Amino acid sequence: METLIDFFTGTLGLGPTLALSLAYATAIGSLLGFITVYAMFAIWMERKVAAHIQQRFGPMEVGGWHGWAQSPADALKLMFKEDIIPSGANKVLFWIAPAIVFCGVLAGFIAIPFAAGVQIVDIDLGVFFIIAIASIEVIGVIMAGWSSNSKYSLFGAVREAAQVVSYELPSATALLAPILVVGSFKLGDFNTYQAEHGWIIFSNPFMWIALLVYFIASLAGCKRAPFDLPEAESELVSGFHTEYSGMRFSFFGLEEFVSMLLVSAITCTLFLGGYTLPFNFLDVANLAAPFHLLGVAVLIVKIFAVIFVQMWLRWTLPRMRVDQVMTMGYKYLLPWALFAVAGTAVWHVWMEG
Amino acid sequence: MEALEMYTVDDRSDVYTEELKLNLGPQHPSTHGVLRVELSMDGEIITASRCDIGYLHRCAEKIGENVTYLQYTPYTDRMDYLASMNNNLAWSLTVEKLLGVEAPERAQWLRMICAELNRIASHLIAFGTYGIDIGANTPFFYAFRERESIMALLERPSGARMLYNYIQPGGLRRDVDENWVTDVLAFCDDFEKRWAEYNTLLSNNRIFIGRTANIGVIPQDVVYACGATGPVMRGSGIKWDLRRDVPYLKPYEEVDFDVPVGEGTHGTLGDCWDRYWVRMREMMESIRIIRQGCAALPGGEVMEKVMKKMYKTPLTPEAGEAYMRCENPRGELGFYVVAEGGTSPIRCRARAPSFCNLSLLDSLLPGTMIADAVAIIGSLDIVLGEVDR
């Protein structure tokens, strides 16, 4: 961020306010561009992963090589589709719901460090900020479900509310364990710590429990199988976005993939070394510019490894029932998350003590 | 209902609640066709349900009274369109009984092999779609892979992939080619390995068991009261199979096979998992039957000589009536025919297993959740083409 501001003030000789605005606009613009490209790639990847798990090839025609242009073609198609609003729908809520859903998740990315210095704002309460801002998505989903004037949508929205709110407890609790180790909520600190001391996942055995709990809870937070109850195709048709079409519909699809990216980025940053390589090979965090951008590649590779596991699970496991989801969250994940936090605390007092 | 007490909150005096009517179908991903179920919901819990059928009614029985006996065979294909061979078989046996003829020995053995192959194909659909109902999409594609092999095998003698019109009164339309039996046996070898994969993927999955065990329990007296047959009945532990108890083809008396019944492995006897598991094991029994059938397949004609001559003019059985029932993948399919000497029957009636099995649904749904409703409908394995006819 500072580099960008310096570039605008120093090299181009602009005033400080203008430079600041331009720097943020550039940063957020490139973030949006990255996310759009990522989402298209992730949708294509999901289709390919699903296809190969299911003994198929998936898209093979559009664009030539393994159907790489399928996602842009679909996006183009969705943009030209009619935006149908059901009669009896609450139009205002129906219109803004996809935007709220999308913005909530998107806002989380401003605190994610992609590489040393490649971060829009290193917020002091970064982890807390991401958890809080990503929960706004639930409000959008409830708005979508309620305003659609469809019973299936309403069922989906209520399920989403119950599920996401319940699973925020174990996921937030599990994140306390790495926070205890580093002693900071600032996401940038996690990378510097891990460059120095190795990946947090290896810092103590309880961290594995925390990672597993967070991973499962984050699946529920992203509405991924086996927790895809709000969508539940075979039960609720499409859940809360049953009545949506065209571009508004695609925003919900996009949101799912973007929130997958967000939780995977958190998983990688907090547990799996962020943008550092194993054993701090090459010392990515302290490389001279522009080689520090290697960190972006490292983080993206790790993120896609986590996303692949999410996709793999989705195409393997059946869906749970709503009461089983609640049982899982409150009776199993939450106690295990608390155990991991307590274990981490005791371990570090005892080891360093 | 025990389940209802488990879920319901007692005191709601301070909250205003309203019953929600939910229309499940006729266009819904998991009603297996055009079934409509009107549900009264208390949150996620179903308090009452009412089945509405008839969206696929095509007057199949009335058509039977206006076409000749031979012309009606393709119409039976379209009743339970996932098990056309078995439908053809039941109709052919009924007409043969009316005429007092019997198919040649080779035709009988081939009929058995084809019917069992079609049973596997039908159960594969049941397995695959049940996976989708529970939320697992992958088993469906696995099932379709093996079903494709079966369809390719059945296409070779019949020329059709789904609606075969192959088994006809008097025997079979034509004989199989010389490599067919070898290929069927090769399929059997392959299928046994695949079957183990299905169980790893779905049958023994913890989430799947959690979703299906103890759900939709059908007690034995309800089975008798509703006239449920097939895997729905056997899932409740009743050992009754027409192939074993009333063999309608001679080969069934000679081959050796078991009748799998539900055992309450993961919960109560007669739950969704038991019905599912009965179907899975029936596929392996069918493989056993096919293997023995291929080994013992005799030579000779596949069409009765008398019938061949009769085919030149429309069949005109003498006045009389006949009823024959067969063990279809979904239960007992029966055809009742009354003839008065003309070229077509004056009454043609089908006793459809899906229809009788579906009559259980309204008593199973109250007290379950909407996700359970989908699991229960899937475990009954109905085909709406047969329910509505």
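Proteins come first, then strands; the chains are lettered A, B, ... in the order of their sequence lines, and each starts at number 1. In this text, all values refer to a predicted model and were calculated from it rather than measured experimentally.
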Worksheet item: Roughly how far, to the nearest 0.5 Å, is CG of B:D80 from CG of B:L384?
Response: 11.0 Å
Discussion item. Under 6.0 Å from the ring centre and within 45 degrees of the ring axis: does the NZ or CZ of B:R36 meet both conditions for the six-membered ring of B:Y55?
Written reply: no
Practice prompt. Mind checking the OG-CG spacing from B:S354 to B:L82? Nearest 0.5 Å is all I need.
Written response: 9.0 Å
Worksheet item: What part of B:R211 lies closer than 4.5 angstrom to a heavy atom of chain A: side chain, backbone, both or neither?
Response: both
Practice prompt. Give a yes or no on whether a salt bridge exists between A:R224 and A:E256, defined as a side-chain N under 4.0 angstrom from a carboxylate O.
Written response: yes
Discussion item. Counting only non-hydrogen atoms closer than 4.5 Å, does B:L20 touch chain A with its backbone (N, CA, C, O), its side chain (CB onward), both, or neither?
Written reply: side chain
Fill in: Under 4.5 Å from a heavy atom of chain A, the part of B:N205 involved
side chain
Discussion item. Need one label for B:L202: side chain, backbone, both or neither, based on atoms under 4.5 Å from any heavy atom in chain A.
Written reply: side chain
Practice prompt. Using a cut-off of under 4.5 Å on heavy-atom pairs, state which of B:K21, B:M41, B:R206 scores highest against chain A.
Written response: B:K21
Worksheet item: Which atoms of B:F208 come close to chain A, meaning under 4.5 Å heavy atom to heavy atom: side chain ones, backbone ones, both, or neither?
Response: both
Discussion item. Using a 6.0 Å distance limit plus a 45 degree cone around the ring axis, check whether A:R248 lies over the aromatic ring of A:Y244.
Written reply: no
Worksheet item: Quick one: does NZ or CZ of B:R279 land under 6.0 Å from the six-membered ring centre of B:Y276, within 45 degrees of the ring axis?
Response: no
Worksheet item: When heavy-atom pairs shorter than 4.5 Å are enumerated against chain B, which of A:R56, A:M320, A:R319 gives the highest number?
Response: A:R319
